[in-house]
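Written below as structure tokens is the structure these notes are about.
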Number of protein chains: 2
Amino acid sequence: MVPDEPPLTAHELGEEAAALIDELSRISAEEDKLTRLYLTPEHRNAADLVARWMRQAGLDVREDSLGTVRGRLPSSMPAYGEKCLLIGSHIDTVIDAGKFDGALGVICAILAARELRKRGIDLPFDIDVLAFGDEEGVRFPTTLLSSSALAGTAPYSELDARDANGISVAEALREFGGRPENIQDLKEVPEKLVGYLEVHIEQGPVLEREALPVGIVTSLAGAERHWITVQGEAGHAGTVPMDARKDAVSAAADLIVSMETAAKSARSDGVVATVGELGIHPGAVNVIPAQVKMTLDLRAATDRPRAAAIDEIKARAARISRKRGCPIEFDQFHEVVTSPCSEIFQDAAKRAIASMGIRPFRLMSGAGHDGQAMKALTDIGMLFVRCRKGISHNPSEYVSIEDMGMAVEATVRWVAEIAQQEMKA
Amino acid sequence: MVPDEPPLTAHELGEEAAALIDELSRISAEEDKLTRLYLTPEHRNAADLVARWMRQAGLDVREDSLGTVRGRLPSSMPAYGEKCLLIGSHIDTVIDAGKFDGALGVICAILAARELRKRGIDLPFDIDVLAFGDEEGVRFPTTLLSSSALAGTAPYSELDARDANGISVAEALREFGGRPENIQDLKEVPEKLVGYLEVHIEQGPVLEREALPVGIVTSLAGAERHWITVQGEAGHAGTVPMDARKDAVSAAADLIVSMETAAKSARSDGVVATVGELGIHPGAVNVIPAQVKMTLDLRAATDRPRAAAIDEIKARAARISRKRGCPIEFDQFHEVVTSPCSEIFQDAAKRAIASMGIRPFRLMSGAGHDGQAMKALTDIGMLFVRCRKGISHNPSEYVSIEDMGMAVEATVRWVAEIAQQEMKA
């Protein structure tokens, strides 16, 4: 294939991406905000729109049994065999969402595939652009179902999960036009894959702080979640002297500050600890709290420093518990291990980004992504795109046109670098 | 009057008090717990029972326009004029209450009046035993109405306050048999009063710690309450590095620990600070909290150390706010100034208690009582009775029979001491 027109500039690519982002963002369940949940009529319309874009980009489109839209750009060099590079993101959103989370990655992949084709870049593998439907896990008590199915880690039982209206995944899927009975046929063959790439907004402030449009993800952080129960003794706010109290909220506060210190002083970068929910019992202005229940969300770039951090936090809790006579219990209810990104993909991204005159910068992903499911199937790689103030899951989520253009161009060059590598191998 | 039989021992008085406490506690709105709110059928039955006890104790009984039962023991020495010593407590309870809070003070006063009469103790004043009906302030958004009316500080508008079913105080009062239109006629003439005495369970752990059955109250603590709002910035629990966060719950925790330290290190005894309610926004396991709203209840034995403590707390909040970039606001919604107890009544109580071979011990009241309203009318004095573990407003509230006996005997001697003093004056 030979280019028949000058390639678009990054700015032009950015404007194109911005127009598609806007068009997709108008498909919502709510008039004045963006809400697009898995297997809803909005998801149906979004999938159809994305399929149309894929066809316009010259891709062969199909939709899998779980509603994932797939657009194929065939290898330009069949002699290299029948391997495939997957590249995508998701088109479902949270409630009252921003318009870039997920959507930008799908649009980047479509535009990059088209550019790869138009620029006549040698591809020793097929490219499959993926638009997953269940990344946010908002409608059903399940998440990453579309990507887990490709990895072969989604059991039939997931189809029985029900939404708030009692509709099961299987029922919603049939309504959508999917085929739930085929969930286990979706498993890809690892030997036929080059890997899975994803472009996504950072959802954090690091790239903005570094003044960089894009960054290379080193790993998808492992995470664990605990309920922490702090037991005190209720008492009258006026009649129990300070030194005779077992105040659950003071003990909990002591622990919150101490956990923050532990995370900040962890030897490894990227340890983050968050108390996001907290409830007081009995919760009256003139009663010393008898009990506090709160959540701890703990993440780190790799699993060892996370394990060290929870050990340190529990040791601190034990000291506070002894000092204050308030028993403190941890009850873990969630854990995801770290998913490291392929070093080869990271190095290819480094060369691609450097070739654009941008300083290559590596960072971890503290958020979860489809890559966590795909890691069970194949090597993964991710590029992050700067978003304003790190704000996400919110209507004020924002990526500049320039940065979107940089992201598309970087994706084109990243795939080209991986293609070069593949041909050398 | 001359005694016609040997006086009862403290133990016998305690057994009598315990029997009356049990009988009164059976009058409840709920089968398996004690709940007796102002102007309910239960209040009606309790008032009738107390009136019967007063008559059996030889008192002249009437019920005032707001439902307060009053039993009079006339002066034995009319030459000293027509002054009156008020002594009482309340017969309303909180929901799922203990059986001693309020009830013990009324029963103590009735038994003490009877003993004073039976023992022929010289009384240069009348005694009026009072059983107030609205101390807990649970049913209506008003409190201390019965005692405020005697002090002349209850405006007609209080009668318009409505309960959760929309019934006004005035309506409930008419149903009860009261006369709301007479509320402002209840005001007592200060010149005709010796003062107001009350016996009450401590509702705190101090007397238990001191191993004393009774103690002398120095003042009813002043109190103020604030809503504290801590403003942070929401963020993804995984993607915002620790040093880039404005975490409202960490800032609030920092402040809670700091307020505790401020109260503990206050130069004056009896400063207590309590955070009893706390809410997090948005409150999700994986979101850094954007805002925390919490209550502060601050009390001290006198007003000056309380003012110093809130100044110190606000200075600490300002430092935390600057350090963390999280604005912190205080919004005061309640204040009651300190009500000091009469030194003369305290000294009389000291002599009375010492005469029983008990070490006289002074302590503040951190809880509110009818004395706070009566203070606007006349001098006040209070005796506290040890309660187990300081637990109150709870079915496990407990006072031993021995301690109840000591409380009755101390009340008899306390009134006798005041009578002696009055005759000397």
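In the text below, chain A, chain B and the rest are named by the order of the sequence lines, each starting its count at 1. Remember, predicted model here, so these are calculated numbers, not experimental data.
B:T239 is not listed as a side-chain neighbour of A:S365, based on a closest heavy-atom distance of 4.5 Å or more. The side-chain heavy atoms of A:P241 and B:V206, taken from C-beta on, include a pair separated by under 4.5 Å.
Contacts between residues 272-297 of chain A and chain B, defined by a heavy-atom separation under 4.5 Å, are made by A:V272, A:A273, A:T274, A:V275, A:G276, A:E277, A:L278, A:I280, A:G283, A:A284, A:V285, A:N286, A:V287, A:I288, A:P289, A:T295, A:D297.
The heavy-atom pair separating B:G238 from A:R299 by the smallest distance is CA-CD, 3.5 Å.
Applying the 6.0 Å contact sphere to CD of B:Q332 captures more than 12 heavy atoms from other residues, nucleotides or ligands. A:E335 CD: more than 12 foreign heavy atoms inside a 6.0 Å radius. For B:K375, the NZ atom is densely surrounded, since the number of other residues' heavy atoms within 6.0 Å is greater than 12.
Between chain A and the residues B:A221, B:A234, B:A223, B:S250, the largest count of heavy-atom pairs under 4.5 Å involves B:S250. For the set B:K264, B:R209, B:E202, the count of heavy-atom pairs under 4.5 angstrom toward chain A peaks at B:R209.
Heavy atoms of A:F333 lying under 4.5 Å from chain B belong exclusively to its side chain. The contact between B:A367 and chain A is made by backbone and side chain atoms together, counting heavy-atom distances below 4.5 Å. Using a 4.5 Å cut-off between heavy atoms, A:A237 contacts chain B through both its backbone and its side chain. When heavy atoms are compared at a cutoff of 4.5 Å, A:S392 does not approach chain B at all.
The structure places CZ of A:R245 at 9.0 Å from CD of B:E260, a figure rounded to the nearest 0.5 Å.
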